[in-house]
Amino acid sequence: MRFESGDGAEAVGRLGEFDLIFPDAPGGKIFKLRQTIAALRRGGILIVDDMDLTRHEDEDLRAALAVVRERLVENVELVCAELGFSSGVIVAVKART
C-alpha cells in the first residue's frame, strides 16, 4: 500500500492506477476528471465531496460541480451512489468489466 499527496492535476495519469481516489481539490475533480477516472483501477472507489450544490454561493463553482456530477453519474464505467450528508458525497465504483 502507498499513499500519494500532491497536486491532483499534476499527479493524475503519471502514478499508475489506484484502488481509492479522493480528489479533494479542483485538480482531479473539476479539472482533469477524465484522467482521474482513468487512473482508477477496475473495482476501485472514487469519493467526490462538495456535491451538494445548494451549499455553494459561487455560481461558477456551482456550475463546475454540476458538470462533475453529470460526468460521474452518466459515466458508463462507474456505478454511483449520491449520499446526502456533509457537503454532499458521490461514491463511485469503477465496473470490473
Side-chain angles (χ1 to χ4, degrees):
M1 178 186 320
R2 82 175 197 241
F3 292 90
E4 293 287 339
S5 177
D7 184 329
E10 291 179 14
V12 170
R14 70 172 170 80
L15 295 174
E17 292 186 319
F18 293 89
D19 295 312
L20 173 67
I21 300 176
F22 175 47
D24 190 32
K29 177 170 34 180
I30 294 174
F31 307 107
K32 299 191 178 187
L33 180 61
R34 285 189 194 116
Q35 289 91 328
T36 299
I37 294 169
L40 191 62
R41 185 172 282 128
R42 298 237 173 250
I45 300 168
L46 178 64
I47 300 172
V48 183
D49 66 346
D50 301 325
M51 293 288 97
D52 181 352
L53 303 182
T54 65
R55 298 177 61 99
H56 304 285
E57 293 181 21
D58 183 290
E59 290 182 31
D60 292 335
L61 177 58
R62 252 195 333 264
L65 291 172
V67 171
V68 169
R69 181 197 172 279
E70 182 178 328
R71 288 183 179 164
L72 290 172
V73 300
E74 292 184 2
N75 188 309
V76 296
E77 289 187 295
L78 301 175
V79 176
C80 296
E82 295 185 73
L83 308 176
F85 70 92
S86 185
S87 65
V89 176
I90 294 178
V91 176
V93 176
K94 195 168 192 180
R96 292 190 181 271
T97 58

Drop me the distance from [X]'s [atom1] to [Y]'s [atom2], to the nearest 0.5 angstrom.
X     : Y     : atom1 : atom2 : answer
Leu33 : Arg69 : CG    : CZ    : 13.0 Å
Ile21 : Leu40 : CD1   : CG    : 5.0 Å
Arg41 : Asp19 : CZ    : CG    : 4.5 Å
Arg34 : Asn75 : CZ    : CG    : 10.0 Å
Arg71 : Cys80 : CZ    : SG    : 14.0 Å
Thr36 : Leu72 : OG1   : CG    : 9.5 Å

Shared ILVMFWY cluster between [X] and [Y], side chains joined below 4.5 angstrom?
X     : Y     : answer
Leu83 : Leu46 : no
Leu61 : Val68 : yes
Phe85 : Val48 : no
Phe22 : Leu15 : no

Any Lys/Arg nitrogen of Arg42 or Glu17 sitting under 4.0 Å from an Asp/Glu carboxylate oxygen of the other? no
Between Asp49 and Lys29 (salt bridge meaning N to carboxylate O under 4.0 Å), is one present in this structure? yes
For Thr54 against Asp52, the heavy-atom pair lying closest together: OG1-OD1, 2.5 Å
The single option from Ile90, Val73, Ile37, Val91 passing side-chain contact (heavy atoms from CB on, under 4.5 Å) against Leu78: Ile37
Kindly indicate whether the side chain of Leu65, heavy atoms from C-beta on, has any atom under 4.5 Å from the side chain of Met51. yes
Whether the side chain of Lys94 engages the backbone of Glu77 through a donor-acceptor N/O pair (distance < 3.5 Å, no angle test) should be reported. no
